[in-house]
Amino acid sequence: MKKVVIVFGLISGVISSAMMFLTLPLINNGTINFDNGLVVGYTAIVLSFLLVFFGIRSYRENAGGTISFGRGSAWASSSR
């Protein structure tokens, strides 16, 4: 379980960091205004949450095909 948490957590962190570092210069230059920045920010959040979903799915497939709600919630909260 630790390997899956680390892998998908790192990927989620890299995506969030990349989106932040890519949008900061664009906002400072005026290329992206704050309204467009909201769209980019929410897109980054959705991509990060998608990786939590894929991580739980990967854990479920490795654990034998089923996972309880409590176990999935515990896994998702440990990845933060």
Side-chain angles (χ1 to χ4, degrees):
M1 180 162 99
K2 295 280 186 188
K3 180 184 174 194
V4 176
V5 170
I6 290 172
V7 167
F8 283 95
L10 285 175
I11 293 171
S12 178
V14 166
I15 288 174
S16 296
S17 298
M19 293 292 281
M20 181 186 71
F21 287 121
L22 289 174
T23 57
L24 280 177
L26 296 175
I27 288 175
N28 287 337
N29 290 338
T31 306
I32 295 177
N33 58 15
F34 285 108
D35 292 332
N36 295 339
L38 287 173
V39 173
V40 173
Y42 283 122
T43 302
I45 292 170
V46 168
L47 289 175
S48 294
F49 284 141
L50 276 174
L51 284 165
V52 171
F53 169 76
F54 289 129
I56 291 173
R57 188 181 74 177
S58 172
Y59 176 73
R60 183 193 68 200
E61 290 172 356
N62 292 334
T66 59
I67 189 170
S68 67
F69 179 77
R71 187 77 173 160
S73 298
W75 183 90
S77 66
S78 69
S79 66
R80 302 232 178 252

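Computed from a prediction, not measured in an experiment: that's the story for all the values here. In what follows, residues are counted from 1 in the order of the sequence shown.
Using a 4.5 Å cut-off between side-chain heavy atoms of Ile, Leu, Val, Met, Phe, Trp and Tyr, with links allowed through other members, Val14 and Ile11 fall into different hydrophobic clusters. Both Val7 and Leu47 belong to a common hydrophobic cluster when Ile, Leu, Val, Met, Phe, Trp and Tyr are linked at side-chain heavy-atom distances under 4.5 angstrom. Following chains of ILVMFWY side-chain contacts shorter than 4.5 Å, one can reach Phe53 starting from Met19, so the two form part of one hydrophobic cluster.
Proximity of Val46 to Thr43: side-chain heavy atoms (C-beta onward) are nowhere separated by under 4.5 Å.
Between the Ser58 side chain and the Phe54 main chain, no donor and acceptor come within less than 3.5 Å of each other. Between the side chain of Ser12 and the backbone N or O of Phe8, no donor-acceptor pair lies under 3.5 Å. At distances below 3.5 Å, not a single donor-acceptor pair connects side-chain atoms of Asn36 with backbone N or O atoms of Ile32.
Cluster partners of Val39 are absent, since no Ile, Leu, Val, Met, Phe, Trp or Tyr has side-chain heavy atoms less than 4.5 Å from it. The other members of the hydrophobic cluster of Met20, by chain and number, are Phe21, Leu24 (side-chain heavy atoms under 4.5 Å, ILVMFWY only).
The CD1 atom of Ile56 lies 12.5 Å from the CD atom of Glu61; values are rounded to the nearest 0.5 Å. Within the model, atoms CG of Leu50 and CD1 of Ile15 stand 9.0 Å from one another, a figure rounded to the nearest 0.5 Å.
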